[in-house]
Amino acid sequence: MECALWRFKDGQKALALFLSGDAATSFKESANLGAEWKIFYPAKEALLQMLKGCHDAEIGYAVLDPDLEKAKRIFNIHEILNATGELN
């Protein structure tokens, strides 16, 4: 699976997460992700698996409701996985 990624100004990648379908659609259109990109609402376990996959791929952050310039909130994926007991 591929996920929408957002870039910090220094080039680091972050997983893009959205609170609404409208926000996800807006990002999809502004980032020119194409018709093959689908918006979905993962269950908790699927979200944790996505975060683990990002962590394994050295993507250190998730961002909430980003646009092309900024995000509402930035989350450290390592800290999330550690807090949920998902890191060994």
Side-chain angles (χ1 to χ4, degrees):
M1 170 179 16
E2 291 185 28
C3 299
L5 297 177
W6 185 77
R7 287 192 185 267
F8 289 93
K9 291 185 193 268
D10 68 2
Q12 288 185 75
K13 294 178 185 175
L15 174 65
L17 302 173
F18 304 92
L19 289 174
S20 71
D22 289 342
T25 298
S26 178
F27 181 82
K28 178 181 168 183
E29 290 170 357
S30 65
N32 296 314
L33 293 179
E36 69 276 4
W37 283 86
K38 305 294 180 213
I39 296 167
F40 75 104
Y41 301 92
K44 179 183 174 184
E45 286 304 314
L47 178 58
L48 287 173
Q49 289 302 315
M50 285 175 28
L51 292 173
K52 284 183 194 177
C54 286
H55 184 266
D56 293 346
E58 299 182 3
I59 296 170
Y61 297 93
V63 292
L64 184 61
D65 283 342
D67 59 23
L68 295 180
E69 297 294 320
K70 63 189 180 311
K72 287 185 180 178
R73 186 146 186 210
I74 300 170
F75 300 94
N76 182 302
I77 291 175
H78 181 84
E79 290 176 4
I80 293 168
L81 294 174
N82 200 32
T84 60
E86 295 295 323
L87 287 181
N88 297 333

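Residue numbers count from 1 along this sequence.
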Handout entry: Flag, side chain of D65 to backbone of L19, donor-acceptor distance under 3.5 Å
Key =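 Yes; at least one donor-acceptor contact below 3.5 Å.
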Minimum side-chain heavy-atom gap [X]-[Y] below 4.5 Å:
X: C54; Y: Y61; result: no
X: F8; Y: I74; result: yes
X: L17; Y: L47; result: yes
X: F27; Y: L33; result: yes
X: E58; Y: Q12; result: no
X: L48; Y: K44; result: yes
X: L87; Y: H55; result: yes

Are [X] and [Y] in one and the same hydrophobic cluster, where Ile, Leu, Val, Met, Phe, Trp and Tyr link if side-chain heavy atoms are under 4.5 Å apart?
X: I59; Y: W37; answer: no
X: F40; Y: W6; answer: no
X: F18; Y: F75; answer: no

Practice task
Determine whether more than 12 heavy atoms belonging to other residues, nucleotides or ligands lie under 6.0 Å from atom NZ of K72.
Solution key: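 Open: at most 12 neighbouring heavy atoms sit under 6.0 Å from NZ of K72.
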[X] to [Y] - nearest heavy-atom pair and separation:
X: T84; Y: E86; value: OG1-CG, 3.1 Å
X: A23; Y: S20; value: N-OG, 3.0 Å
X: K28; Y: A35; value: NZ-O, 4.2 Å
X: L5; Y: K13; value: CD1-CD, 3.8 Å
X: I39; Y: T25; value: CD1-OG1, 3.3 Å
X: A71; Y: V63; value: CB-CB, 3.6 Å

Handout entry: Distance, nearest 0.5 Å, that separates CG of L51 from CG of D56
Key =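 Atom-to-atom, L51:CG and D56:CG are 11.0 Å apart.
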